[in-house]
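First comes the structure, then the notes that go with it.
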Amino acid sequence: MKFLADMCISSSTVNFLRDHDYDVLHVRDRGLHKATDTEILDIAIKENRAVLTFDLDFTDLMAASGKKLPSVILLRLSNAKPENVNGRLLFVLDSSKEFLEKGAIVSIDDNKYRIRMLPIN
């Protein structure tokens, strides 16, 4: 599974995922820190990456697009510190991989997560 981390995702989280054998690219790695959300989605599509973000705009854009990809993982945690994000994210990734590969929005909050398959009608 490959990911593109939005600006709001900590480098600590990126490194944590890399340490767990995930292919993760941070937008800063490519000098894309000023890229628009649409540009980030386009890159994710071209490189077959799911987008990691705290930004609701990505889910809105995907819902409106009618597309199946890229998948978006939306973090909606009350504590955004990497040590909290990392454990929660790893747990959800282990159980949602097949959905993310097909095209989904995975919303993760403190106590549960929700998967919505794309496209959203």
Side-chain angles (χ1 to χ4, degrees):
M1 188 92 233
K2 297 181 351 179
F3 300 99
L4 180 59
D6 187 26
M7 280 302 297
C8 53
I9 301 297
S10 161
S11 295
S12 296
T13 296
V14 170
N15 291 332
F16 174 83
L17 290 172
R18 287 176 179 160
D19 289 344
H20 285 84
D21 297 322
Y22 287 100
D23 179 343
V24 186
L25 175 69
H26 198 286
V27 292
R28 277 191 303 263
D29 296 339
R30 292 254 181 93
L32 298 170
H33 55 282
K34 292 187 179 182
T36 66
D37 295 345
T38 302
E39 290 169 332
I40 291 169
L41 288 171
D42 288 344
I43 292 165
I45 290 169
K46 288 177 188 169
E47 297 185 6
N48 194 29
R49 295 180 182 277
V51 175
L52 292 171
T53 190
F54 283 94
D55 184 349
L56 281 167
D57 291 343
F58 286 99
T59 57
D60 291 344
L61 286 168
M62 285 309 299
S65 76
K67 295 179 182 178
K68 287 184 73 169
L69 293 169
S71 289
V72 176
I73 299 169
L74 177 65
L75 298 158
R76 306 291 293 160
L77 304 171
S78 60
N79 178 352
K81 290 183 180 179
E83 56 271 13
N84 185 54
V85 171
N86 297 349
R88 190 79 180 113
L89 187 54
L90 195 60
F91 170 78
V92 173
L93 288 178
D94 286 342
S95 57
S96 62
K97 181 181 178 193
E98 68 182 87
F99 301 105
L100 290 166
E101 289 173 347
K102 292 177 184 176
I105 294 173
V106 178
S107 300
I108 304 171
D109 68 23
D110 294 326
N111 301 311
K112 63 184 183 320
Y113 65 97
R114 184 174 104 173
I115 298 171
R116 290 191 70 190
M117 297 306 295
L118 291 169
I120 295 173
N121 299 323

Residue pairs passing the salt bridge (charged side-chain N to carboxylate O under 4.0 Å, His left out) test where at least one lies in residues 18-29, sequence neighbours excluded: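 Of all non-adjacent pairs touching residues 18-29, those that pass salt bridge (charged side-chain N to carboxylate O under 4.0 Å, His left out) are R18-D29, D23-R49.
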According to salt bridge (charged side-chain N to carboxylate O under 4.0 Å, His left out), does anything in residues 58-68 pair up with another residue at least two apart or in another chain? List the pairs.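 Residue pairs with at least one partner in residues 58-68: there are none.
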Please report the C-alpha distance between L41 and F58 in whole Å, then the side-chain angles of each, then the deciding distance to 0.1 Å, and finally whether the side-chain contact (heavy atoms from CB on, under 4.5 Å) criterion is met. CA-CA 8 Å; L41 288 171; F58 286 99; 3.8 Å; yes
What are the two closest non-hydrogen atoms of [X] and [Y], and how far apart are they?
X   : Y   : value
E39 : A35 : OE1-CA, 3.2 Å
F54 : C8  : N-SG, 3.3 Å
H26 : V14 : CD2-CG2, 3.5 Å

Residues clustered with L74, ILVMFWY side-chain links under 4.5 angstrom: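 L56, listed by chain and number.
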Can you name the salt bridge (charged side-chain N to carboxylate O under 4.0 Å, His left out) partners of R30, sequence neighbours left out?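 For R30, the residues satisfying salt bridge (charged side-chain N to carboxylate O under 4.0 Å, His left out) (neighbours in sequence not counted) are E47.
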So I9 and L75, side-chain contact (heavy atoms from CB on, under 4.5 Å) or not? Walk me through it. CA-CA 9 Å; I9 301 297; L75 298 158; 3.7 Å; yes
Evaluate the side-chain contact (heavy atoms from CB on, under 4.5 Å) criterion for residues F16 and H20: first the C-alpha distance (whole Å), next the side-chain angles of each, then the deciding distance (0.1 Å), finally the verdict. CA-CA 7 Å; F16 174 83; H20 285 84; 3.3 Å; yes
When you group the ILVMFWY residues by side-chain heavy-atom contacts below 4.5 Å and let the links chain together, are [Y] and [X] in the same group?
X    : Y   : value
I43  : V72 : yes
L100 : L52 : yes
L69  : V27 : no
Y22  : V92 : yes
I120 : M62 : yes

Interatomic spacing from [atom1] in [X] to [atom2] in [Y] - rounded to 0.5 Å:
X   : Y    : atom1 : atom2 : value
L90 : L17  : CG    : CG    : 7.0 Å
L4  : L25  : CG    : CG    : 5.5 Å
F99 : I115 : CZ    : CD1   : 4.5 Å

Donor-acceptor pairs under 3.5 Å, side chain of residues 101-109 to any protein atom, not counting sequence neighbours: which ones?
from	atom 1	to	atom 2	distance (Å)
D109	OD1	N111	N	3.0
D109	OD1	K112	N	2.7
D109	OD2	K112	NZ	2.9

Going through the checks in order, is the side-chain contact (heavy atoms from CB on, under 4.5 Å) test met by T13 and V24? CA-CA 10 Å; T13 296; V24 186; over 6 Å; no
Single hit among L89, V51, T53 for side chain to side chain contact (heavy atoms under 4.5 Å, CB included) with I73: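 That would be L89; it is the only one of L89, V51, T53 passing the side chain to side chain contact (heavy atoms under 4.5 Å, CB included) with I73.
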What side-chain donor-acceptor pairs closer than 3.5 Å can you find for residues 78-85, not counting sequence neighbours?
from	atom 1	to	atom 2	distance (Å)
S78	OG	D110	OD1	3.4
S78	OG	D110	OD2	2.7
N79	OD1	K81	N	2.9
N84	ND2	N79	O	2.6

Check whether any side-chain heavy atom of M1 sits under 4.5 Å from a side-chain heavy atom of L93, and report yes or no.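 M1 vs L93: side chains apart.
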